[in-house]
Amino acid sequence: MRRDTITLTNVPKRTLIHLYKLMLRIRRFEEKIVNVYCDQDMKTPVHLYIGQEAVAAGVCANLCKEDYVFSTHRSHGHYLAKGGDMKRLMAELYGRKTGCSRGKGGSMHVVDPEAGVCGSTAIVGGNIPLSVGAALSSVMQKRKQVSISFFGDGAVDEGAFHESLNFAALKGLPVVFVCENNFYATHSHQSKRQPHDHIYKLAKHYVMPGFRVDGNDVLRVFGVARQAVSRARRGNGPTLMECRTYRWKGHVGPECDIKLGYRMQEELNSWMKRCPIKRFEKRLVNEGVMKKTTIDKITREIDLQIHDAYLFGKGSPHPDENELLEDVWNLN
Amino acid sequence: MRRDTITLTNVPKRTLIHLYKLMLRIRRFEEKIVNVYCDQDMKTPVHLYIGQEAVAAGVCANLCKEDYVFSTHRSHGHYLAKGGDMKRLMAELYGRKTGCSRGKGGSMHVVDPEAGVCGSTAIVGGNIPLSVGAALSSVMQKRKQVSISFFGDGAVDEGAFHESLNFAALKGLPVVFVCENNFYATHSHQSKRQPHDHIYKLAKHYVMPGFRVDGNDVLRVFGVARQAVSRARRGNGPTLMECRTYRWKGHVGPECDIKLGYRMQEELNSWMKRCPIKRFEKRLVNEGVMKKTTIDKITREIDLQIHDAYLFGKGSPHPDENELLEDVWNLN
Amino acid sequence: MPWTKLQADAIDHEDYLPRHDGDRRLTYREAIREAQYQALEIDPRVFILGEGVDDPGGVFGTTLDLHKKYGRERIIDLPLAENGFTGIAIGAAIAGMRPILVHMRMDFLLLSMDQIVNHASKWRYMFGGRQKVPVTIRAIIGRGWGSAAQHSQSLHGLFMHVPGLKLVMPSSAYDVKGLLLSSIADEDPVMFVEHRWLFDQGDHVPEEMYTIPMGKGRVVRKGTDVTVLAISHMVPEALKASKALEEKHRISCEIIDPRTLKPLDEKIIINSVRKTGRLVISDCGWNTGGVSGVLASLIAEKAFSHLKAPIRRVCLPDTPTPAAPALEDAFYPSARDIINAARLVMRS
Amino acid sequence: MPWTKLQADAIDHEDYLPRHDGDRRLTYREAIREAQYQALEIDPRVFILGEGVDDPGGVFGTTLDLHKKYGRERIIDLPLAENGFTGIAIGAAIAGMRPILVHMRMDFLLLSMDQIVNHASKWRYMFGGRQKVPVTIRAIIGRGWGSAAQHSQSLHGLFMHVPGLKLVMPSSAYDVKGLLLSSIADEDPVMFVEHRWLFDQGDHVPEEMYTIPMGKGRVVRKGTDVTVLAISHMVPEALKASKALEEKHRISCEIIDPRTLKPLDEKIIINSVRKTGRLVISDCGWNTGGVSGVLASLIAEKAFSHLKAPIRRVCLPDTPTPAAPALEDAFYPSARDIINAARLVMRS
Ligand SMILES: Cc1ncc(C[n+]2csc(CCOP(=O)(O)OP(=O)(O)O)c2C)c(N)n1
Ligand SMILES: Cc1ncc(C[n+]2csc(CCOP(=O)(O)OP(=O)(O)O)c2C)c(N)n1
Ligand SMILES: [Mg+2]
Ligand SMILES: [Mg+2]
C-alpha cells in the first residue's frame, strides 16, 4: 500500500474543510469543558482529547453513518468525529435526562446509535473485541459496514488486544484497529510497559497490514485510514494503525499536569508546536484552500453550536429518581 | 545464537543416556496408564504425552532441581522429566492419600515442590504468567533459578500468553517459554485458530530470541533449551521456543481417536515414524553410544520402577472423608 | 421479528401443571440441540460460537452436526481466547445479531468476567436503554471422574450478584428447550446454565417451538409438610428424596424449581413456604455466597412469619472440588442429604 | 520468619473494646502506607506491584514515594494486563515472595478472575496443602463524581463465594494497619478491600507493627435494641445513624463490624442478635447475591429463634452504577437509610 497518495492537492476542498471542521469542533468543545469544569456542575471524570484530534477526524472522515465506532474513556473526540449529537453529549456530561445516555453514562459512556457510535467503555481494551464482533456481524448480515476501535497505547498491553487481532485476521473481518499512541497510560510511559516501541509491527505477525502514522497530521491519518477502510469494505480484512500523537491535558480532568513530574514541559511544548489543527490550518491558508476569514467564520459557527449545546445541556432537567431502576433489563 | 552446536559427538554420553531414559520413563509410564485405565479405578481425565517426550526431556535435562516448572493439563511428561516422584504421581492418578497432591489434584494437578515442579493448571495458558512470577521471584531473591512454562499451541491463542511475554521481556526475566505445538487444541487445528503458523516469530516483536525446533528431536530441543536456559541464568532474559511435535493418543483418555475424523491416519503415521524415542535410540545404537542390550536393561529397570509405582499407587489407601475440608486455607 | 409471537404465547404454568405426557420424548441434550436448530432456522441473526462447537463430539452432542446444516459461518469454532471471544459475541449482539456462545465448562468463563460483567450486563443501562445485548451464554456444569478444582465448578452463584444479567437453570428437557428459546429471543444477556448430569434425562418435548416466560418457577411436585426449593440437577435429586420421604418417613414434600434465578419467581416460593412453613434449599453450587443464600435471605425477609423452623441448605461445602473419588463422594450432595435435611427441619 | 511473633501477638478484641485514644493519629490512607512501609522494611520478600504504584499520586497516597525508599525493583509499576500480572504476582508468591498487588479500582479486577479464582484460591487445595499463595490483593472501591458503571463497583460480594480466598474489609485506620499486616503475614491469598471514602478518616494508630486476627469482628458501639451489622464505609454511616436513632428515636443500636468476611466471626454477630433480636445489615455492595445475603441467611439459620423481626438490609439497589449526580444520590445508601431500616425493624 502506498501511503503518500494523499496530498493537499488531490483531496477535494470539501473534504479538507470537513477535516478541519471535525478537528476544530472537538477542540473547541473540549475547551468549553475546560472553561466550565470548575463550576463543579459537570460531575463526571473527563479525559480530554485535546492534541489528538487529527486521529478521530482523519479516521472518521472515511466512514459512513452506518459504520461502527467503539470508543474508550477518552470518548468525546471519537463521538463528535463520527457525527454524534453534540447537544446530547454536553447534556450527558452534565448528567442530564436529555444526555445521549440519558444521564446514566457520563463522559466515559457515550453513545449515538443513529450515528454509528456504538458506545464507549472505561475498561481499557474492552472495546477492541466488541469492534471485532460488530465486524463479524457486518459480514454475517452481508452488509458493508466497517467497524473501528480506537484505543490507546495502554490497551496494547492487554491480552484482549491480541485475542482481537488474532480473530479478526483469522476471519478476515472488516475492522480497523486504531491505536492512538500518546506514549502514556495514565502517568506511565510506554517504555515502562512495553519492551519495544513498534506497536504497528504486531500486524505483521497476524498477517495484516500495519502502519505507523503521524497522528498529528490529519491528512496522513486520513490517507492511511482511507486505504484501511476501503480494504475492509472490499472484504480484504483488518488493518492496524498506530497513530503517534500526544495529549496536552492531564490524564483526567481539565488541567495541565506537568507539575506532577512524570513528563517534561519540553516534551509537551514540542508536541504543542505540532498542534494538528494549527498545522493544518497553516497549510490550508498557505496553499490557498481557505482564507483566514473563512476560518474565523467556521470558528464562530462552531462556537455557537457549542454554546447552544452548553445551554441545552446545562438547562436540561436532571433525571428523576425513579429512572434509577429503569434500563437494567427488559422484562417484556 | 547458533543452534547446531549440539551433536551426538559433543554431548557427554552420560547426558545422552539421561535424555534417552527421561523419554523412555515417560513413554513407559503412560503406556502403563493405557493398560490399566480400562479397570476404571484410575478415575481422572488423563491427557497423554505419548509422542511429545522429546520436549520435556530435552528441556528438563538442562535444569537444576531448584529451577521451576509450571505445567498444564498434559502434565505427566513435565513432572517426570523434572524429577517428580513417580510413585506419588501414580498414586495421585489413583486418587490416593499418598498421591503427590494427596488425592486432591488428579492427573491435571500434580506437584513436587522438592523437585521444582511447582504445579500444573488445567486452565489453558494459566501457568504462563505463573512461570513469569516465579522468574521475577528468582531475580528479586537474587537466586539463579530459571523458570519454565510448558504450554500448547492452544495457549498461544490466549491473551495471558502475550501479557506474559511482554512482561518477561520488559523486565528481562529468567524464563523460558516452551510452546509444544502439536497442531491441535482438542480437535481444532492450529489453522482454524491462528492466521499464521509461525508462533516463534512473536518473540521478535517482544525483542527476545525465538526458535522453532523439531520437537521430535531430543538433541535439538536439548541444544536450543541449553542456550535459552543459560541465557536466562546469566540474567539475559527470556526466550520463546516453539517445539513442533505431535500427540499420538486422543486429546484426553488412553485411546487413539482417529475415528473421530478431525485428523488423518496418514498424519499420525508420519509422526509415529518420527517417534522421538525410536529415532534417538537408533542414532545412539548406530553411533555406538549404547548397545541394544543396554536398552533392554534400561527398559527393564524403568518397567520395574513403574510396576512398583503402580503397586504403590493402587495399593495406597483412599483419603478419609474428613480430608475434604482440609487444605482450603490456613486459619493459623 | 420472528420471536414476537413465540414470546407472546409463552407457556405460563400457573401454579402446578401436570407434566406433559405426549409421546414425543427427547433427552435434555437433544432438546438443547433442537432449540438451537430451530432458532437457527427461523432467524438468520442467530449463530453459535464456542470452542469445539463444530467438533465431532458436538459439545456433548448439543451442537452435533449443526455445522453440516448451517455451515461453519454460523457454527463457529473459536481460538482459545475466552475474554476476547466473549467480547466478540457481545459486539455482534450490539450490532444486531443473536449469538449463542457455548462454554463447554463454566470454569473457563472466569476468563470472560470482564466482558460479561463490565460490558454485556451494563451496556443497556450505561447507555440509558439505547443499546441492548441479546447474547445467550450457555455454560455447562458437571461433576465426577476426578475433574477436580478447575473443571467442575458450578459458578452460577457469582452471577446472582450481577445486575443486568439474566440467569436461567433448567432442570428438564421440556424446560430446557422452552427456556433456551426464550433466552435467544430475549433482548438481554442471559447466562444459561446446563448440568451435564441432566443431559441423558428424557421428557416429553413438543416438536414445535415454544417459549417459557422468564421469572416463572414450576411446582415440580405438590406437598404439604416441607418445601424443597431445588436448582438444576438437584431437582431430580429432590424428586428421589421426596419419594423416600413420603414412603419411609411420611413427610410430604413440595418441590419448587425456580427455573430462572434472575428474574426470580418470588411468589411461587413464598406461597409454598406460607403453606408448609418449612424450607430446604438445594443447589449444586457452593454454600456460602451463592444462590442458596440469596433464596434463604429472601424468605427470611419476606416470609419470616410463616417459617416454623430454620431454613436448611443442601449445597456444596466451601472447598474447591477434590479429585479423588473418595473425596468426591463426600463433596457432592445427593438425595440422601435432602432427606436428612427435610427430616431435620421437620423436627425443629 | 519475621511475622511469627507479630501473628502470635495478634490483638484479639474480646467483645467490646473502647477505641484506643493514644495521641498518635493517622488517616486510613496513611495507615495503609505505614503498614506497607513497615512490611517492606522487615521482610525482603515483600514487594508491591500495581498500575501506577510509583506514580506521583501514589494510588491515592497509599503508596506515595515508597519507590524512593525501596526502589522500583520492589515497587513495580505494571503494564495494563490485569490477568497476566495477577498470575505473575501469584507465581512470585508460589516461589516464596509476599507480593502486595494493588488495584486502583476493583472493577478492573474482573479481568483477573481466572487467576484469582482458578489459581490463587485453589493452589493450596489442589496440591493437598503442599503449595501456598501468600499474596495480598488490595482492591479499592469508591463512589461518586459520576464514576459510573465501570469505575465504581464494590465487588467483594463475588469473593464471598470463592473457597480458599480470605476477604478483609477494614473500616478504620487502626484496623486497616493491623489487618493489612495480618494479610501480608498470612499464608493464603487475601482480598483486601478498601473504601476510598474512608481514606481521610483519622484514628489512633500505634507506630509499632501489630496484627489483628483474621475472623475477629469488632463491637463498634454497644447497644440493646437493634444490631446493625455494617461493612467498610457503612460503619461510619451506621455510627452516624446510631446517634440520630438514640437521640431522636430512643433506639439503642449495637454496631458490629465483622472486619474480615472470610473467615467470618459468626459468634460476635450471633451473640449480638441473641441480645437484641433485631438485625439491620448494611453493605456497600449490591443487595442480591452479595455479602448482606450471606450474613442474613447465616442469622436466619443460626439465630432463627432469637429473631423478633425480619432482617432488613441497606445495600445498593440491583442496578449498575448510574453517572448522573441525581441518580447517584438515589443509588447510594447512607445513614438515613440505616435509620429508616432500624425504625422499621423496631416496629415489626
Ligand atoms: C482494564 C483497565 N485497567 C486500568 C484502567 C485505569 N485506566 C484508565 S485510563 C488508563 C490509561 C489508558 O492508557 P491508554 O490506553 O494509552 O489511553 P489514553 O488514556 O492514553 O488515551 C488506565 C490505566 C482501566 N480503566 N481499565
Ligand atoms: C482457558 C481454557 N479454555 C479451554 C479449555 C478446554 N481445553 C482443555 S485442553 C484444551 C486444548 C489445549 O490445547 P493446547 O494448548 O494446544 O494443548 P494440548 O492439549 O495440545 O497439549 C482445551 C481447549 C481449558 N482447559 N482452559
Ligand atoms: Mg496512552
Ligand atoms: Mg496443542
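A note on names: the letters A, B, ... follow the listed sequences, proteins ahead of strands, and every chain is numbered from 1. The structure presented is a predicted model; accordingly, all values stated were derived computationally and were not measured. We use all heavy atoms of the structure for the numbers below, so side chains are in, but hydrogens, waters and symmetry mates are not.
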So which part of [X] gets closer than 4.5 Å to some heavy atom of chain D, the side chain, the backbone, both or neither?
| X | result |
| --- | --- |
| B/Ile128 | neither |
| B/Asn330 | both |
| B/Gln145 | neither |
| B/Leu324 | both |
| B/Val139 | neither |

Sort [X] into side chain, backbone, both or neither according to what part of it lies under 4.5 angstrom from a heavy atom of chain B.
| X | answer |
| --- | --- |
| D/Gln115 | side chain |
| D/Ile76 | side chain |
| D/Pro79 | side chain |
| D/Met97 | both |
| D/Ile94 | side chain |

Which heavy atom of [X] sits nearest to which heavy atom of [Y], and what is that distance?
| X | Y | answer |
| --- | --- | --- |
| D/Pro263 | B/Leu331 | CG-CD2, 3.9 Å |
| D/His119 | B/Ile123 | CE1-CB, 3.7 Å |
| D/Pro163 | B/Val328 | C-CG1, 4.3 Å |

Between [X] and [Y], is any pair of side-chain heavy atoms under 4.5 Å apart?
| X | Y | answer |
| --- | --- | --- |
| D/Asn83 | B/Pro129 | no |
| D/Leu78 | B/Phe167 | yes |
| B/Trp329 | D/Lys166 | yes |
| D/Met126 | B/Val111 | no |

Inset, instruction - Run the numbers on B/Leu136 and D/Phe47 for side chain to side chain contact (heavy atoms under 4.5 Å, CB included), then give the verdict. - result: CA-CA 11 Å; B/Leu136 177 65; D/Phe47 70 105; 3.9 Å; yes
Of the listed residues ([options]), which shares the most heavy-atom pairs with chain D below a 4.5 Å separation?
| options | result |
| --- | --- |
| B/Gly119, B/Gly103, B/Ser164, B/Ala122 | B/Gly119 |
| B/Cys100, B/Gly99, B/Gly125, B/Ser131 | B/Cys100 |
| B/Ala160, B/Gly106, B/Gly126 | B/Gly126 |

More than 12 heavy atoms of other groups within 6.0 Å of [X] [atom1]:
| X | atom1 | value |
| --- | --- | --- |
| D/Lys302 | NZ | no |
| D/Glu41 | CD | yes |
| B/Lys204 | NZ | no |

Measuring from [X]:[atom1] to [Y]:[atom2], what's the distance to the nearest 0.5 Å?
| X | Y | atom1 | atom2 | answer |
| --- | --- | --- | --- | --- |
| D/Arg45 | B/Met140 | CZ | CE | 12.0 Å |
| B/His109 | D/Gln131 | NE2 | CD | 13.5 Å |
| D/Phe127 | B/Arg102 | CZ | CZ | 12.5 Å |

Inset, instruction - Classify the ring geometry between B/Phe70 and D/Trp123 as parallel (under 30°), tilted (30 to 60°) or perpendicular (over 60°). - result: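 It falls in the tilted class, 30° to 60°.
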Legend entry - Short side-chain to backbone donor-acceptor contact, B/Gln141 and D/Ala95, under 3.5 Å: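 Answer holds: yes.
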Legend entry - Criterion salt bridge (charged side-chain N to carboxylate O under 4.0 Å, His left out) on D/Arg130 and B/Glu114, from CA distance to verdict: CA-CA 10 Å; D/Arg130 296 182 77 197; B/Glu114 286 90 53; 3.2 Å; yes
Legend entry - Closest-packed option against chain B by number of heavy-atom pairs under 4.5 Å, given D/Gly84, D/Ala93, D/Ala92, D/Gly128: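 Of D/Gly84, D/Ala93, D/Ala92, D/Gly128, D/Gly128 has the most heavy-atom pairs under 4.5 Å with chain B.
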Legend entry - Options D/Asp114, D/Val133, D/Asp186, ranked by heavy-atom pairs under 4.5 Å with chain B, top entry: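 Answer, by heavy-atom pair count under 4.5 Å with chain B: D/Asp114.
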